Visitor: 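For reference, the structure I am asking about is given below.
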Amino acid sequence: MPAFSATAPGKVILFGEHAVVYGQPAIAAPVAGVAAKAVITPDISALKGRVLIEAPQISLAADLNDLPADNPVAAAVSAALGALEIDQPPAFKLRVNSTIPIAGGLGSGAAVSVAILRAVSAFLGHPFTDEQASALAFEVEKLHHGTPSGIDNTVIAFGKPVYFVKGQPPEFMRVEKPLQLVIADTGKSTPTRVTVGAVRAAWQADEPRSERIFEKIGALAKEARKALEAGDNEDLGLLMNSNHELLLELDVSSPELDALVAAAHSAGALGAKLSGGGRGGNVIAVCDIAKRAQIRDALLSAGAIQVIETTIG
Ligand code: PMV
């Protein structure tokens with residue numbers, strides 16, 4: 001039998017992280033330069049129901065039945081089997097690889113889930129639609145985040161820029177003018193559930209203050225949608241700067257993130273901000289294509305351990 005493989009891209013949140021958990025709009029886009037890949041090889045010599053999982057990046061090599069139900073890789077496999085109502089699948093080996101930095105705000109968890117859901121469902125003869133993959137990955141996301149908004153699984157499963165409001169059908173967006181992005185990794189990371197928990201604790205301590213910040217972030221996301229649809233990338237840059245300031249107020253930035261944002265500004269970016277959960281992870285900078293290389297160099301000199309150049313739209 002042939003091997004079955006599936007991939008899913010990374011993602012960046014262009015606007016609205018954290019506030020999106022509280023009902024404000026956010027904008028995210030897929031990043032095709034990095035991806036998670038799941039490969040399934042049928043194991044005809046093993047007994048039915050035997051599933052071996054290998055994920056070298058997280059040093060995982062185990063039998064599905066020996067993994068705790070809340071292990072995110074096991075949970076994605078079980079979610080696929082559960083949705084297809086298959087208790088005892090033909091034996092198979094699943095190998096997961098990803099070039100998406102872990103806990104870096106680029107959606108590695110959701111991308112791994114979507115790739116696994118796609119590969120397992122294709123192997124079992126019932127490939128999930130993007131909608132099904134997104135909904136099932138959302139369930140797995142709850143293990144990563146606790147209270148996910150659903151933006152990661154949505155943008156990654158559908159692979160299109162999205163204007164997203166929690167609990168509402170996603171609105172896929174037209175990007176009028178290709179957006180040049182430089183994505184720089186601080187090399188430090190904090191799990192999203194930690195930063196989401198910290199934002200929640202601050203919200204519980206002073207709800208009006210947090211709500212005011214969330215509303216301002218939501219207003220920026222609405223403006224950014226108009227700018228993206230009008231191809232006004234200069235305005236987008238300014239909106240990104242404002243979004244970063246508000247994320248500072250939410251206390252989810254870090255000295256490393258702020259240093260990369262400052263380096264992007266000095267090198268002539270139109271705007272820059274942290275992207276994703278924060279307190280580590282990645283900075284995104286929007287720029288004119290002519291300045292992309294100099295911004296990349298400036299980010300590397302300022303301490304980025306990896307830089308990805310990508311185009312949205
Ligand atoms: O997975 P990350 O680190 O890109 O964070 C997702 C964005 C948050 O708004 C912080 C959480 C969420 O569920 O929307």
Side-chain angles (χ1 to χ4, degrees), residues 8-31 34-36 72 76 98 100-114 134-135 137-158 161-168 170 181 183-203 210-211 213-218 220-221 224 240 243-244 246-254 256-257 273-284 308 310 312:
K11 69 101 212 334
V12 283
I13 297 187
L14 297 173
F15 291 92
E17 50 274 273
H18 288 291
V20 68
V21 175
Y22 297 81
Q24 296 295 331
I27 299 175
V31 176
V34 287
S98 174
I100 308 171
I102 294 171
L106 297 186
S108 71
V112 164
S113 295
V114 168
S134 177
F138 180 63
E139 295 306 313
V140 182
E141 281 288 282
K142 289 180 183 165
L143 302 172
H144 295 284
H145 286 190
T147 54
S149 62
I151 191 167
D152 279 18
N153 51 281
T154 302
V155 65
I156 286 168
F158 287 90
V162 63
Y163 180 84
F164 181 87
V165 180
K166 186 176 165 181
Q168 293 184 15
L181 274 194
I183 305 171
D185 192 345
T186 59
K188 299 258 167 73
S189 64
T190 300
T192 301
R193 66 157 58 238
V194 172
T195 56
V196 168
V199 170
R200 182 161 301 273
W203 174 74
S210 293
E211 287 292 346
I213 301 173
F214 297 151
E215 275 163 27
K216 285 186 193 165
I217 293 175
L220 291 177
M240 269 188 192
N243 196 159
H244 186 74
L246 291 165
L247 289 164
L248 270 170
E249 287 188 41
L250 288 181
D251 195 21
V252 293
S253 193
S254 69
E256 293 83 6
L257 286 164
K273 66 182 271 293
L274 73 85
S275 180
R279 294 194 186 165
N282 282 269
V283 157
I284 56 173
I308 299 166
T310 191
I312 308 289

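When a ligand or atom number is given, it counts from 1 through the structure's own listing order. These values consider heavy atoms only, across backbone and side chains, with no hydrogens, waters or symmetry-generated copies. Just so you know, these numbers come straight off a predicted model, no measurement behind them.
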Visitor: Do Pro9 and Val31 come within less than 4.5 Å of each other through their side chains, counting heavy atoms only?
Guide: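 No, side chains not in contact.
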
Visitor: What residues, two or more places apart in sequence or in another chain, satisfy side-chain contact (heavy atoms from CB on, under 4.5 Å) together with Ser253?
Guide: His244, Leu248, Leu257, Asp258, Leu274

Visitor: According to side-chain contact (heavy atoms from CB on, under 4.5 Å), who are the partners of Val165, at least two apart in sequence or on a separate chain?
Guide: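 side-chain contact (heavy atoms from CB on, under 4.5 Å) list for Val165, sorted by chain: Pro25, Tyr163, Gln168.
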
Visitor: Can you list every protein residue that has a heavy atom under 4.0 Å from any atom of ligand 1, sorted by chain and residue number?
Guide: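 Residue list for ligand 1: Lys11, Ile13, Glu17, His18, Val20, Val21, Gly105, His145, Pro148, Ser149, Ile151, Asp152, Thr192, Val196, Gly276, Gly277.
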
Visitor: Is any side-chain heavy atom of His18 less than 4.5 Å from a side-chain heavy atom of Ile217?
Guide: no

Visitor: Under the ring pair (Phe, Tyr, Trp, His ring centres under 6.0 Å) rule, collect the residues that match up with Tyr22, sequence neighbours excluded.
Guide: Trp203, Phe214

Visitor: Given side-chain contact (heavy atoms from CB on, under 4.5 Å), test Val21 with Val199 step by step and report yes or no.
Guide: CA-CA 10 Å; Val21 175; Val199 170; over 6 Å; no

